[in-house]
J.: 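The structure is given below, and queries will be raised subsequently.
Here is the naming used below: chain letters follow the sequence lines, and residue numbers restart at 1 for every chain. What you are looking at is a predicted structure, and each value in this text was computed from that prediction instead of being measured.
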Amino acid sequence: MTLRIYNTLSRRKEEFQPLGDPVRFYCCGMTPKFHPHLGHAKLFVTMDVIRRYLGEKGYRVRYVQNFTDVDDKIIARGLSEGVSAAAVARRYTDGYFHSMEALNVQPADVYPRVSQTISGIIEMIQGLIAGGNAYAPGNGDVYFRVASFPSYGKLSHRTADDVLAGARVTVGEEKEDPRDFALWKAAKEDEPSWPSPWGAGRPGWHIECSAMSRQELGDQIDIHAGGPDLIFPHHENEIAQSESFTHKEPFARYWVHIGQLNVGSEKMAHSLNNFTTVLETLERHHPVVLRLYYLSQHYRTPVTYTDESLVLARKQAEHLIEGRSALASLIAQPAQDAVKGSSPAPVRELASMASDLSLRFFEAMDDDFNTALALSRLYVFSREAVRVSQMRPIGHDPQAQHEALRLALTTFDHLVSILGFDLPRSSVELVRGERALALDAATIEAAIARRAELRRQRKWSEADAIREQLLTQGIVLEDGSHGTTWRRA
RNA sequence: GGCGACGUGGCCAAGUGGUUAAGGCAGGGGUCUGCAAAACCCCUAUCGGCGGUUCGAUUCCGCCCGUCGCCUCCA
């Protein structure tokens with residue numbers, strides 16, 4: 001089975017053929033100016049799954065994700081709060097790690113930072129000037145000469161005229177061409193700066209990724225990923241800088257961009273002040289729910305975030321958890337529980353369904369990481385596991401059946417882990433926030449015990465009153481054959 | 001204005017040139033239950049509109065309508 005990945009550069013799905021071992025994978029990370037919001041997390045969870053899946057396909061992966069810790073807004077925030085820009089960056093870099101750890105996102109192999117890559121950036125700018133691809137007009141700035149790079153626009157698929165139409169020159173800039181962009185910016189008062197051959201200053205927005213990518217992964221890489229809003233100008237400019245500097249093409253073989261996360265009719269962004277942070281979302285929802293929300297659509301599909309969509313995701317998460325516990329309960333079912341007329345056929349079929357599930361899961365993931373389809377196959381299997389678990393089928397050759405079921409469970413757990421899920425044992429844990437705090441388990445258990453006694457006495461209306469009382473507090477009672485269980489509504 | 005994406009059942013959302021268009025939610029019917037809940041079973045779509053290509057299109061092409069994004073900081 002071959003993996004196919006959609007490449008923004010060719011606008012097609014292409015068979016994945018890395019340059020070598022390990023796979024060189026760079027993702028444009030955060031500008032740590034505030035806590036990551038749900039749009040950021042969509043990117044990083046997606047990359048986490050891609051990375052895990054590449055590993056699953058047998059590739060070793062070197063995954064690099066940067067922090068753009070030198071930035072106008074970080075500087076502005078530091079000034080307004082009376083702390084250094086570095087302190088702001090540090091605070092929200094930590095915030096990033098907290099959020100991602102909660103979401104079970106595997107850490108990158110390395111997290112380069114602009115502030116620690118200055119010499120590499122200067123070296124690259126010098127090379128670009130020497131090659132005629134950049135110029136220093138003498139005002140302390142250095143600009144990239146877009147006209148020197150004929151294939152400029154190939155990633156975002158726009159022509160020189162297109163770019164020109166949208167280009168702007170700010171007062172004080174001395175560009176030869178409005179399309180040119182800054183590689184180095186002369187220092188202003190109150191701003192952090194570094195010495196350079198062009199005077200004190202700091203890097204422009206795009207050069208840092210070219211430099212960090214090169215520093216950590218070499219001149220050419222396999223996968224370069226990021227948010228859709230980076231295609232132009234950021235990634236376009238990275239290509240221009242890197243390919244001009246190294247004279248190697250392509251800079252990145254596969255350009256991967258996710259679909260944007262929108263709120264209402266606009267994208268979720270710090271600058272639009274319409275964002276929800278990961279941390280506040282996790283106060284109300286289990287991390288599995290948020291991850292499942294992201295993976296329920298294809299990663300390239302733009303999605304509109306609503307609170308209800310997370311409620312939907314929670315219900316889907318319950319299916320996975322219930323399917324898994326059904327399987328576990330079958331394995332725990334002792335042979336003497338067998339009832340007359342039970343048949344081994346359902347277990348046999350379930351076991352063979354598990355191996356088929358595996359094939360279909362990989363088939364879906366091989367097609368540009370179709371997690372939505374892969375998940376649907378897990379749901380179908382889960383439902384079947386629940387169905388079979390209700391049959392009490394163990395009894396004929398229990399050892400062989402248990403073995404088959406254990407294998408099925410291993411398969412299921414493995415597939416779920418490829419998607420990065422750390423499933424809780426019980427769906428009760430999926431509910432968080434106020435509703436989870438309303439009543440503690442001991443109180444609920446005590447009420448259940450009182451109600452059980454009333455039921456024994458066939459005092460139905462009194463027993464029902466207890467149930468209804470709990471329901472008003474968000475607790476649902478379910479009377480099963482082995483007693484009463486509860487869950488949060 | 002330029003570039004691009006999307007429009008699939010009540011809602012969310014996969015997918016395909018031709019046997020039954022995944023899956024989830026909600027809804028209806030049923031089994032089970034003291035009642036209920038849960039679970040399980042069954043049921044609910046011809047794919048925005050108009051043309052074209054084709055033996056055949058929801059899937060390819062064109063136009064139209066609608067929604068949205070990028071073109072400026074942005075994951």
J.: Quick one: label Lys33(A) by what it contacts on the DNA or RNA (base, sugar-phosphate, nothing), any heavy atom closer than 4.0 Å.
T.: sugar-phosphate
J.: Starting at atom NE2 of His206(A), determine the distance to atom C1' of C71(B), rounded to an integer number of angstrom.
T.: 13 Å
J.: Indicate, with a heavy-atom threshold strictly under 4.0 Å, whether Thr31(A) touches base, sugar-phosphate, or nothing.
T.: sugar-phosphate
J.: Strictly by salt bridge (charged side-chain N to carboxylate O under 4.0 Å, His left out), give each pair with a member in residues 319-331 of chain A just once, sequence neighbours left out.
T.: Arg324(A)-Asp413(A)
J.: Give me the distance, rounded to whole Å, that separates G69(B) from G10(B) when you measure between the P atoms they each carry.
T.: 26 Å
J.: How many whole angstroms separate atom CZ of Arg300(A) from atom P of A5(B)?
T.: 11 Å
J.: Would you mind reading off the distance between Tyr293(A) atom OH and C12(B) atom C1', rounded to a whole angstrom?
T.: 10 Å
J.: Who passes salt bridge (charged side-chain N to carboxylate O under 4.0 Å, His left out) against Asp94(A), sequence neighbours left out?
T.: none
J.: Quote, to the nearest angstrom, the P distance that separates G49(B) from G9(B).
T.: 11 Å
J.: If a protein heavy atom is under 4.0 Å from the base, mark B; if only from the sugar-phosphate, S; if neither, -; do that for nucleotides 13-29 of chain B going 5' to 3'.
T.: SSS------BSSSS---
J.: For residues 227-236 of chain A, pull every pair meeting salt bridge (charged side-chain N to carboxylate O under 4.0 Å, His left out), keeping only residues two or more places apart or in separate chains.
T.: Asp229(A)-Lys267(A)
J.: Under the 3.5 angstrom rule, does the side chain of Asp141(A) hit a backbone N or O of Ala186(A) as a donor-acceptor pair?
T.: yes
J.: Please name the nucleotide paired to G4(B) by Watson-Crick or G-U wobble geometry with both distances under 3.5 Å, or report none.
T.: C68(B)
J.: Go through the steps to decide whether Val289(A) and Leu292(A) satisfy the test side-chain contact (heavy atoms from CB on, under 4.5 Å), and finish with yes or no.
T.: CA-CA 5 Å; Val289(A) 172; Leu292(A) 189 57; 5.7 Å; no
J.: Could you pull out all residues at least two apart from Lys73(A) that satisfy side-chain contact (heavy atoms from CB on, under 4.5 Å)?
T.: Lys33(A), Asp71(A), Ser271(A)
J.: What is the distance from CZ of Phe232(A) to P of C71(B), rounded to the nearest Å?
T.: 9 Å
J.: What residues from residues 40-52 of chain A pass a heavy-atom cutoff of under 4.0 Å to RNA chain B?
T.: His40(A), Leu43(A)
J.: Identify, between Ala269(A) and Ser382(A), the residue whose nearest nucleotide on RNA chain B lies closer to the 5' end.
T.: Ser382(A)
J.: Which is true for Ile258(A) with a 4.0 Å heavy-atom rule: it touches a base, it touches only sugar-phosphate, or it touches nothing?
T.: base
J.: Any strand is fair game: report the nucleotide pairing with U16(B) by Watson-Crick or G-U wobble, both distances under 3.5 Å, or none.
T.: none
J.: Expressed as a whole number of Å, how far does the P atom of A45(B) sit from that of C60(B)?
T.: 24 Å
J.: Return the value, rounded to whole Å, for the distance between atom CZ of Arg158(A) and atom P of G4(B).
T.: 10 Å
J.: Examine distances only and state if a side-chain atom of Ser242(A) and a backbone atom of Ile239(A) form a donor-acceptor pair shorter than 3.5 Å.
T.: no
J.: My understanding is that only residues two or more places apart in sequence, or in another chain, count here; which of them pass salt bridge (charged side-chain N to carboxylate O under 4.0 Å, His left out) with Glu363(A)?
T.: Arg377(A)
J.: Look through every strand shown and name the nucleotide pairing with A22(B) as Watson-Crick or G-U wobble, where both distances are under 3.5 Å.
T.: none
J.: Take atom C1' in U67(B) and the same atom in A75(B), then report the distance between them in whole Å.
T.: 23 Å
J.: When you compare the protein's N or O atoms with those of nucleotides 31-36 of chain B, which come within less than 3.5 Å of each other, and at what distance?
T.:
from, atom 1, to, atom 2, distance (Å)
G34(B), N7, Arg455(A), NH2, 3.4
G34(B), O6, Arg455(A), NE, 3.2
G34(B), N1, Asp464(A), OD1, 3.0
G34(B), N2, Asp464(A), OD2, 2.7
C35(B), O2, Arg467(A), NH2, 2.6
C35(B), N3, Arg467(A), NH1, 2.8
C35(B), N3, Arg467(A), NH2, 3.3
C35(B), N4, Asp479(A), OD2, 3.0
A36(B), N6, Asp479(A), O, 3.2
A36(B), N1, Asp479(A), N, 3.2
A36(B), N3, Arg467(A), NH1, 3.0

J.: Checking base pairs now: Watson-Crick or wobble, both atom distances under 3.5 Å. What partners C73(B)?
T.: none
J.: Considering only the C1' atoms, how many Å lie between G7(B) and G15(B), rounded to the nearest integer?
T.: 15 Å
J.: Is the shortest distance from a Lys or Arg side-chain nitrogen in Glu384(A) or Arg387(A) to a carboxylate oxygen in the other one below 4.0 Å?
T.: yes
J.: Nearest whole Å is fine: how far is U72(B) P from His234(A) NE2?
T.: 15 Å
J.: Over all strands shown, is Gly226(A) touching base, sugar-phosphate only, or nothing at heavy-atom distances under 4.0 angstrom?
T.: sugar-phosphate
J.: Write down the distance between CD1 (Ile231(A)) and C1' (A5(B)), rounded to a whole number of angstrom.
T.: 10 Å
J.: Could you tell me the Watson-Crick or G-U partner of U33(B), where both distances fall under 3.5 Å? Say none if there is no partner.
T.: none
J.: Quick test of your reading: applying side-chain hydrogen bond (donor to acceptor under 3.5 Å, both in side chains), list the pairs with at least one residue in residues 289-303 of chain A, sequence neighbours left out, ordered by first then second residue.
T.: Asp48(A)-Arg291(A), Ser296(A)-Gln316(A), His298(A)-Asp368(A), Tyr299(A)-Asp368(A), Arg300(A)-Asp368(A)
J.: Using the C1' atom as the reference point in each nucleotide, state the distance between U44(B) and A36(B) in Å, no decimals.
T.: 26 Å
J.: Keeping His206(A) on the side-chain end and Ala240(A) on the backbone end, is there a donor-acceptor pair under 3.5 Å?
T.: no
J.: Please tabulate, one pair per line, each protein N/O and nucleotide N/O from nucleotides 65-68 of chain B that are separated by under 3.5 Å, including the distance.
T.:
from, atom 1, to, atom 2, distance (Å)
C68(B), O3', Ser265(A), O, 2.9

J.: Cation-pi check, Arg12(A) to Tyr6(A): give yes when NZ or CZ is under 6.0 Å from the six-membered ring centre and within 45° of the ring axis, no otherwise.
T.: no
J.: Would you please indicate if the ring centroids of His270(A) and His35(A) are separated by under 6.0 Å?
T.: no
J.: For the side chain of Ser271(A), starting at C-beta, report the closest nucleotide among G4(B), G2(B), C73(B).
T.: C73(B)
J.: Please give the nucleotide sitting opposite C60(B) as a Watson-Crick or G-U wobble pair, both distances under 3.5 Å, or none.
T.: G52(B)
J.: Output all residues satisfying side-chain hydrogen bond (donor to acceptor under 3.5 Å, both in side chains) with Thr8(A), sequence neighbours left out; order by chain, then residue number.
T.: His257(A)
J.: What's the NE2-C1' distance between His157(A) and A5(B), to the nearest Å?
T.: 14 Å
J.: Between U16(B) and U20(B), how far is it from one C1' atom to the other, in whole Å?
T.: 13 Å
J.: If you measure from the C1' atom in U46(B) to the same atom in C41(B), how many Å do you get, rounded?
T.: 26 Å
J.: Please identify each residue that fulfils salt bridge (charged side-chain N to carboxylate O under 4.0 Å, His left out) with Asp69(A), with sequence neighbours left out.
T.: none
J.: Would you call Lys315(A) and Glu318(A) a salt bridge, using N to O less than 4.0 angstrom?
T.: no
